Amino acid sequence: MKPSRELSDTGRFVRQPNRFTDRLGPPEPGRYRLYASYACPWAQRVLIVRSLLGLQDLLDVTIVDPVRDEKGWRVPGGDPEYLSELYHASDPGYTGRYTVPCVWDTKDNRIVTNDFPQITLDLETSWGTSPNLYPERLRPDIAIMNDRLYHGLNNAVYEAGFARDQQVYEEAVARVFTTLDFLEVRLAGSEFLFDTLTDSDVRLYTTLARFDTVYHAHFKCSIRRLIDYSALWAYARRLYAVPAFRETTDFDQIKRHYYLSQTTINPSRIVPVGPDLDWSL
Ligand SMILES: N[C@@H](CCC(=O)N[C@@H](CS)C(=O)NCC(=O)O)C(=O)O
């Protein structure tokens, strides 16, 4: 039996396509609500961008419980009880996973988008432009960088962690560390991936923040640790010093989510005690 619908016949993790891909219209206070988890790297991206751009009054947020059971994400306060109810209200025939981040439209009573790569770009282009996280002059380069980050790191750690085949796992892990090696060189002597803080830094940060705490052991990305990369580790801590990054980084929820929810990888549901990391500058 396949442990997941997202496992190919060759033991490869293949992420499901995003079902809701409408674009976010202009902001309307009180209309849109983001459902996010502090544990989830794709959701944390949106929380960081919302905070950097000062969109707290324009985009409401509900943070779901970090530990997911077989019914999916639970909503504290119970309205609705589970995120799945919003997916079924939007599409009664929905059969996919109920994922965060997603944006609920309280006017039309439907999920507008669970298209995680697009949500931050929509916020950066039509909701807030100060600071400019997606400058026009850099967009082609940001697109190339984001693609490299996704295939080489953000999603590659999941491909390594969920692999059910040794070779598939080894290929994904090699990609992770080739990408970290490339980033280490790129960030030596430079503050950000480009000459200013951009969408790409947000995407890189959320994977780095989880690297030593969960991906190293739980996803077996264990050739090196983040702290072994001096430029990358310094870069990650510099970003962590910024409130939008630090205040949306919850190591305890991250650990509890991965180790308690992903039971095919961690059947004992033991949450490790370490690692003891000092994220201060
Ligand atoms: N929308 C993307 C990315 C978002 C995503 O993977 N979110 C995870 C948490 S990090 C989630 O909500 N998973 C719910 C589940 O697997 O049931 C996807 O479909 O994979």
Side-chain angles (χ1 to χ4, degrees), residues 2-8 12-24 33-49 61-76 80-88 90-91 94-104 111-123 146-147 149-151 153-163 172 202-211 213-215 218-219 221 248-266:
K2 276 192 203 175
S4 155
R5 277 178 286 172
E6 288 172 305
L7 202 61
S8 79
R12 192 177 290 277
F13 170 68
V14 186
R15 194 171 284 282
Q16 71 177 19
N18 298 309
R19 162 67 181 80
F20 301 99
T21 54
D22 283 352
R23 302 291 295 274
L24 284 173
R33 176 169 290 273
L34 168 71
Y35 285 82
S37 161
Y38 285 129
C40 171
W42 323 101
Q44 192 192 356
R45 292 175 176 184
V46 188
L47 294 171
I48 292 171
V49 167
V61 169
T62 294
I63 302 287
V64 298
D65 285 347
V67 182
R68 214 174 50 211
D69 62 23
E70 67 287 347
K71 291 192 194 150
W73 297 108
R74 188 190 283 272
V75 181
E81 195 180 354
Y82 283 96
L83 188 66
S84 58
E85 295 164 47
L86 301 184
Y87 274 79
H88 289 299
S90 308
D91 174 2
Y94 186 76
T95 55
R97 290 187 293 110
Y98 313 111
T99 58
V100 290
C102 64
V103 179
W104 174 255
I111 291 175
V112 183
T113 173
N114 70 339
D115 187 4
F116 64 99
Q118 191 58 45
I119 298 173
T120 54
L121 299 182
D122 281 353
L123 297 181
N146 286 353
D147 196 57
L149 291 175
Y150 181 78
H151 292 289
L153 189 64
N154 305 140
N155 196 52
V157 294
Y158 281 84
E159 290 181 67
F162 287 118
V202 175
R203 294 181 187 216
L204 173 54
Y205 171 82
T206 63
T207 295
L208 297 183
R210 287 158 181 72
F211 202 85
T213 301
V214 285
Y215 299 152
H218 183 66
F219 280 175
C221 292
T248 58
T249 303
D250 185 325
F251 294 112
D252 181 58
Q253 291 204 20
I254 288 170
K255 262 175 45 169
R256 288 197 294 124
H257 167 69
Y258 283 89
Y259 284 103
L260 292 172
S261 309
Q262 296 175 353
T263 51
T264 55
I265 306 179
N266 188 38

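Just follow the structure's listing: the first ligand is 1, and inside any ligand the first atom is 1. What you see is a predicted model; the values in this text were computed from it and never measured.
Polar contact with ligand 1: absent for Tyr158 (N/O pair, distance under 3.5 Å). Taking only nitrogen or oxygen atoms, main chain and side chain alike, Val100 reaches within less than 3.5 Å of ligand 1.
Near Trp42, with a cut-off below 4.0 Å to any heavy atom, the atoms of ligand 1 are 3 (C), 4 (C), 5 (C), 6 (O), 7 (N), 10 (S). Each of the atoms 12 (O), 14 (C) of ligand 1 lies under 4.0 Å from some heavy atom of Tyr98. If you number the atoms of ligand 1 from 1 as listed, the ones under 4.0 Å from a heavy atom of Asn114 come out as 1 (N).
Atom 16 (O) of ligand 1 has as its closest protein heavy atom Arg97 NH1, 2.7 Å. The nearest heavy-atom contact from the protein to atom 9 (C) of ligand 1 is Cys40 SG, 3.4 Å. Protein heavy atom closest to atom 6 (O) of ligand 1, with residue, atom name and distance, is Arg15 NH1, 2.8 Å. The protein heavy atom nearest to atom 1 (N) of ligand 1 is Asn18 OD1, 2.9 Å. Among all non-hydrogen protein atoms, the one lying nearest atom 14 (C) of ligand 1 is Arg68 NH1, 3.2 Å.
Between Tyr215 and Tyr258, the angle of the ring planes goes over 60°, which puts this pair in the perpendicular group of the 30/60° scheme. In this pair, Tyr150 and Trp42 present their aromatic rings tilted. The plane angle is within the 30 to 60° band.
Between the side chains of Thr249 and Tyr205, at least one donor N or O sits under 3.5 Å from an acceptor N or O. In this structure, a donor-acceptor pair under 3.5 Å is absent between the side chains of Ser84 and Tyr94.
Of the possible donor and acceptor atoms, one in the side chain of Asn266 sits under 3.5 Å from a partner among the backbone N and O of Tyr259. In this structure, Asp122 contributes its side chain and Leu24 its backbone to a donor-acceptor pair below 3.5 Å. Using a distance-only test at 3.5 Å, with no hydrogens or angles considered, a donor-acceptor pair links the side chain of Arg210 to the main chain of Ala39.
Contact annotation: for Trp73 versus ligand 1, heavy atoms closer than 4.0 Å belong to the side chain alone. Of all the heavy atoms of Asp115, none lies under 4.0 Å from any atom of ligand 1, so neither backbone nor side chain is involved. Residue contacts with ligand 1 for Phe13 are absent, since no atom lies close enough (heavy atoms, distance under 4.0 Å).
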Legend entry - Worked check of side chain to side chain contact (heavy atoms under 4.5 Å, CB included) between Val46 and Val100: CA-CA 10 Å; Val46 188; Val100 290; over 6 Å; no
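When every heavy atom of Arg203 is checked against every heavy atom of Leu149, the shortest pair comes out as CB-CD1, 4.3 Å.
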